[in-house]
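Computed from heavy atoms alone, side chains included, the values below leave out hydrogens, waters and symmetry copies. All residue numbers in this chain count up from 1 along the given sequence.
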Amino acid sequence: QVQLVESGGGLVQAGDSLRLSCADSGRAFSSYGMGWFRQAPGKERTFIAAISRSEGKTTYADSVKGRFTIARDNAKYTVYLQMNSLRPEDTAVYYCAATSRVPLTTMADRYDYWGQGTQVTVSS
């Protein structure tokens with residue numbers, strides 16, 4: 001069973017950085033590809049970034065490419081999202097998710113487990 005808990009959200013100003021963490025309580029973490037999604041008020045949940053199980057392959061949404069970096073530490077059962085140069089439009093609830101499907105996917109409905117989300121608010 002995978003149980004994901006996000007942390008690291010908060011209120012920051014435009015241009016600031018934040019690092020989100022997502023920890024898994026189980027030891028199957030390295031068996032799953034991991035993704036980050038976000039959902040702004042009144043909008044659909046959208047893909048941000050994903051990383052493969054062990055090869056370290058990554059993919060990003062165009063809106064965050066060059067500003068956000070996804071990484072994972074399988075020994076700590078944790079995936080990270082480093083967010084730099086934050087903008088007000090990055091304001092959303094951020095979710096991490098785990099998928100057993102290969103190859104790496106950007107589709108939310110192909111992720112099997114989800115965290116509860118962490119709020120990120122970027123003021124202008």
Side-chain angles (χ1 to χ4, degrees):
Q1 184 73 16
V2 175
Q3 292 181 318
L4 304 173
V5 178
E6 301 98 334
S7 61
L11 172 62
V12 297
Q13 294 186 331
D16 285 351
S17 298
L18 273 178
R19 188 177 80 158
L20 304 183
S21 299
C22 172
D24 175 25
S25 62
R27 298 194 174 187
F29 179 76
S30 62
S31 300
Y32 292 86
M34 299 298 297
W36 285 97
F37 294 76
R38 68 186 180 189
Q39 188 168 19
K43 296 187 177 181
E44 294 184 351
R45 191 171 299 189
T46 58
F47 169 78
I48 295 299
I51 187 167
S52 62
R53 293 178 293 184
S54 59
E55 305 86 7
K57 293 180 181 178
T58 59
T59 187
Y60 297 92
D62 288 343
S63 59
V64 305
K65 200 171 293 183
R67 299 189 299 124
F68 291 11
T69 302
I70 187 171
R72 66 188 297 162
D73 185 336
N74 286 342
K76 296 183 178 179
Y77 315 133
T78 301
V79 62
Y80 305 97
L81 185 67
Q82 177 67 42
M83 305 186 295
N84 298 329
S85 303
L86 283 162
R87 304 167 180 170
E89 54 264 40
D90 294 319
T91 295
V93 177
Y94 283 70
Y95 299 89
C96 70
T99 179
S100 58
R101 292 164 176 81
V102 291
L104 201 58
T105 180
T106 65
M107 305 295 289
D109 60 2
R110 296 185 179 182
Y111 282 78
D112 307 296
Y113 302 98
W114 292 83
Q116 83 290 349
T118 185
Q119 177 70 46
V120 172
T121 303
V122 185
S123 64
S124 58

Considering all heavy atoms, the nearest [X]-[Y] contact:
X      : Y      : value
Leu81  : Ile48  : CD2-CG2, 4.2 Å
Ser21  : Thr78  : CB-CG2, 4.3 Å
Thr105 : Ala50  : O-CB, 4.1 Å
Pro88  : Ser124 : CG-CB, 3.8 Å

Report the residues that fulfil salt bridge (Lys or Arg N to Asp or Glu O under 4.0 Å) with [X], sequence neighbours left out, ordered by chain and then residue number.
X     : answer
Lys65 : Asp62
Arg45 : none
Asp16 : none

Which residue pairs pass the salt bridge (Lys or Arg N to Asp or Glu O under 4.0 Å) test when at least one of the two sits in residues 92-102, sequence neighbours left out?
->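 For residues 92-102: Arg101-Asp112.
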
Salt bridge (Lys or Arg N to Asp or Glu O under 4.0 Å): which pairs involve residues 71-87, sequence neighbours left out?
->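 Listed once each, the pairs would be none.
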
Are Val79 and Leu104 linked, directly or through other ILVMFWY residues, by side chains that come within less than 4.5 angstrom of each other?
-> no

Hydrophobic cluster membership, Tyr80 vs Ile51, 4.5 Å side-chain cutoff |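 Tyr80 does not cluster with Ile51.
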
Under 3.5 Å donor-acceptor, Asn74 side chain and Arg53 backbone = yes

Heavy-atom donor-acceptor pair, Gln116 side chain to Val5 backbone, under 3.5 Å | no

Residue pairs, two or more places apart or on separate chains, that pass disulfide (SG to SG under 2.5 Å) and touch residues 10-99 |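 Qualifying pairs: Cys22-Cys96.
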
Residue pairs, two or more places apart or on separate chains, that pass disulfide (SG to SG under 2.5 Å) and touch residues 59-91 = none

Heavy-atom side-chain contact between [X] and [Y] under 4.5 Å:
X     : Y     : result
Leu20 : Met83 : yes
Met34 : Asp24 : no
Tyr77 : Leu4  : no

If you group Ile, Leu, Val, Met, Phe, Trp and Tyr whenever their side-chain heavy atoms sit less than 4.5 Å apart, what else falls in with Leu11?
->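 Under the 4.5 Å side-chain rule, Leu11 groups with nothing.
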
side-chain hydrogen bond (donor to acceptor under 3.5 Å, both in side chains): which pairs involve residues 88-97, sequence neighbours left out?
->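 Sorted pair list: Arg38-Asp90, Arg38-Tyr94, Arg67-Asp90.
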
Does Thr69 have any side-chain contact (heavy atoms from CB on, under 4.5 Å) partners at least two apart in sequence or in another chain, and if so, which?
->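 Thr69 satisfies side-chain contact (heavy atoms from CB on, under 4.5 Å) with Tyr60, Gln82 only.
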
Please list, chain by chain and in numerical order, all residues satisfying side-chain contact (heavy atoms from CB on, under 4.5 Å) with Ala71, sequence neighbours excluded.
->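 Partners of Ala71 under the side-chain contact (heavy atoms from CB on, under 4.5 Å) test: none.
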
What ring-ring contact (aromatic ring centres under 6.0 Å, His included) pairs are there with at least one residue in residues 11-38, not counting sequence neighbours?
-> Tyr32-Tyr113, Phe37-Phe47, Phe37-Tyr111, Phe37-Trp114

